[in-house]
Amino acid sequence: MLLFWMTRSKILWLGWIMGVVLMRRTVVVKGIAGLGNRLQVLGYCCDLASHWNAALCVDWTHNSWSDSFENYFQLSCPSEMAFVRPEDGFGQVMPSRYACSITKNPLNCHGALNGDFLTEPDQDPDGPWDTLVVCRYLARYSNRLFRILRLHQDIKQAVMSRMNEMDLVPGAYECWHVRHTDASGGCPKEILRAIAGYSGRRRSVVITDSFEVVDMCRQFNISCPSIVPVVKVGDGLGIHHLDEERLRQEGLSKQDINRSVVTDLMIAGLSRHFWGTCQRSSFSSFVYRGRIVSWFRYVLLGERLNLMSWANVQVAQALERCQLSYKTRRGRQLGWIID
C-alpha cells in the first residue's frame, strides 16, 4: 500500500511538472531592421519574459536577418528555437492579428499591409494569453539582457580570428562607428579627416555600413574590418536590407553580412574608447550599453560583469544618457560628430 501511494504521488508530481511546462507562456520576438534594433528589442522581451515567467522564442528567420538567432547568440534563460511547434500550437496569441501567421514574416502579414503590425510600445498585454508576439523598432530595456546573452562558440572564434588577422588587441585601439546609408552623422569625409587627425597614440579603427566609407578609410590609412557590399552611392539602403540575390552578385550571402556585423559589434565593444558618430544609431547605443556593464569583455575574454549589469530600465537609461552626453560633447569638440 505504501509503495502504491509513493508511486501515485510520483505520478501526480510528474503530472504537475508537465502541466506547468505545457502551460508556460511564450514571448516571441519577431526581429526586424538591423542588429542594433534587434538586440534592443530582445532586451525588452527578456524583461517581459522575466516579468511573466515566460520562455523566449527569438525569430530572426525572416526579412533582413534571414537566419536563425541561435547560429550567432545563445541565451541562458528558458528559451525555444523558432519554430519547433506548428502554426496552431501557440494557444491564445496576443496581439490576435498574429494568430494565423506567427511563424511567418511579420512584414508580409495582414497587419503589416494595413500599417499596424508593430506591438504597442511598453504596453502590458490586455487579457489572457499563452503567446505574446513582439514586433517593433525601438524599446526601453533593463540590463538583464547582458546577464543572459552569450555568443555562439563559432561566432566567438570568428571574432577572435578577425581581430588576430588585423592585429587588434582588446583595449589597445580607438573605434568609431560611421554610418552612411539609411542613416548618417554627416559628411563621412569630414568625419574621417577628423579621426585621422586625432592626436591619440592608439590605432584608429572604423566600423561602417557603407562601402564608400570603407574605401575612404584606405585613403586615410584607417583600419576597417567591415565587410560591406558595393552599394551605389545615394541608394540610402542599409546593407541589412539587401536580399540574397543582390548579395550573390558580389559573392556574398546573408550569413557573411550577419557574421561581419556581429564581428564589428564585438570589435567596437573591445576598443579602448568607442565613439558613435550618428546620434540615431541603435547599434552604437547597444555598444555603449554593453561597454557600461563590461559585457564585451565578459563574453569574449571571460571577465566578470560589473554591478551595473543589475540596473533596471530607468537606471540603465540614465547611465547611457550620461555617457552619450559626454561622448557627443567631446566628439563635437574633436570634429567627428557634426550633425
Are any of the side-chain heavy atoms of [X] and [Y] separated by less than 4.5 Å?
X	Y	value
Arg147	Leu305	yes
Ser223	Tyr173	no
Pro225	Asp264	yes
Arg140	Val313	yes
Ile337	Arg329	no
Leu149	Leu75	yes
Val29	Val134	no
Ser271	Arg202	no

[atom1]-[atom2] distance between [X] and [Y], expressed to the nearest 0.5 angstrom:
X	Y	atom1	atom2	value
His180	Cys278	NE2	SG	11.0 Å
Leu35	Ile257	CG	CD1	12.5 Å
Cys175	Ile207	SG	CD1	4.5 Å
Leu168	Met266	CG	CE	13.5 Å
Ser309	Ile292	OG	CD1	12.0 Å
Met160	Leu270	CE	CG	7.5 Å

I need the minimum non-hydrogen distance between [X] and [Y], along with the two atoms involved.
X	Y	result
Ala158	Arg259	CB-NH1, 3.7 Å
Cys46	Ile148	SG-CD1, 3.4 Å
Asn258	Trp65	ND2-O, 3.1 Å
Arg304	Ser294	O-CB, 4.0 Å
Pro95	Val133	CD-O, 3.4 Å
Ala316	Ala311	N-CB, 3.9 Å

Open item on the list: Ring centres under 6.0 Å, that's the criterion: do Tyr72 and Trp60 meet it?
Closed with: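 No; Trp60 has its ring centre 6.0 Å or more from that of Tyr72.
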Task: Qualifying residues under ring pair (Phe, Tyr, Trp, His ring centres under 6.0 Å), relative to Phe274, sequence neighbours excluded - done: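 Phe274 satisfies ring pair (Phe, Tyr, Trp, His ring centres under 6.0 Å) with Tyr288 only.
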TODO: Just jot down the ring pair (Phe, Tyr, Trp, His ring centres under 6.0 Å) partners of Phe283, sequence neighbours excluded, or say none.
DONE: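 Result, ring pair (Phe, Tyr, Trp, His ring centres under 6.0 Å) vs Phe283: His177.
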- [ ] Please report the C-alpha distance between His152 and Asn71 in whole Å, then the side-chain angles of each, then the deciding distance to 0.1 Å, and finally whether the side-chain contact (heavy atoms from CB on, under 4.5 Å) criterion is met.
- [x] CA-CA 6 Å; His152 188 286; Asn71 288 339; 5.5 Å; no
- [ ] Run the numbers on Lys156 and Val299 for side-chain contact (heavy atoms from CB on, under 4.5 Å), then give the verdict.
- [x] CA-CA 8 Å; Lys156 184 176 179 180; Val299 295; over 6 Å; no
Open item on the list: What I want to check is whether the side chains of Arg150 and Tyr298 have a donor and an acceptor closer together than 3.5 Å.
Closed with: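 There is such a pair (donor and acceptor under 3.5 Å, judged by atom type) between the side chains of Arg150 and Tyr298.
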- [ ] Show your working on side chain to side chain donor-acceptor pair (under 3.5 Å) between Asn164 and Ser161 and close with a plain yes or no.
- [x] CA-CA 5 Å; Asn164 289 335; Ser161 175; over 6 Å; no
Open item on the list: Taking the cut-offs as 6.0 angstrom to the six-membered ring centre and 45 degrees off its axis, would you call Arg38 and Phe69 a cation-pi pair?
Closed with: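 No, a cation-pi geometry is absent between Arg38 and Phe69.
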Open item on the list: Ring-plane angle category for Phe286 and Phe146, please: parallel below 30°, perpendicular beyond 60°, tilted otherwise.
Closed with: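 Ring orientation of Phe286 relative to Phe146: tilted.
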TODO: Over 60° means perpendicular and under 30° means parallel, so classify the ring planes of Trp52 and Trp129, tilted if in between.
DONE: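 Rings of Trp129 and Trp52: perpendicular, over 60°.
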Open item on the list: Salt bridge or not between Arg162 and Glu165? Use side-chain N to carboxylate O under 4.0 Å.
Closed with: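 A salt bridge links Arg162 with Glu165.
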- [ ] Could you check Asn312 against Arg144 for side chain to side chain donor-acceptor pair (under 3.5 Å), going step by step and ending with a plain yes or no?
- [x] CA-CA 8 Å; Asn312 62 20; Arg144 181 175 185 270; over 6 Å; no
Open item on the list: With clusters defined by side-chain heavy atoms of hydrophobic residues (ILVMFWY) lying less than 4.5 Å apart, directly or transitively, does Trp310 cluster with Tyr141?
Closed with: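 No, no single cluster joins them.
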TODO: Determine whether Trp176 and Val169 fall in the same hydrophobic cluster, where Ile, Leu, Val, Met, Phe, Trp and Tyr are linked whenever their side-chain heavy atoms lie under 4.5 Å apart.
DONE: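 No, separate clusters.
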- [ ] Just do the side-chain contact (heavy atoms from CB on, under 4.5 Å) check on Val213 and Cys224 with the steps written out, would you?
- [x] CA-CA 9 Å; Val213 173; Cys224 182; 5.8 Å; no
Open item on the list: Between His62 and Lys30, does the side-chain contact (heavy atoms from CB on, under 4.5 Å) criterion hold? Intermediate values first, please.
Closed with: CA-CA 8 Å; His62 302 108; Lys30 302 290 282 188; 3.9 Å; yes
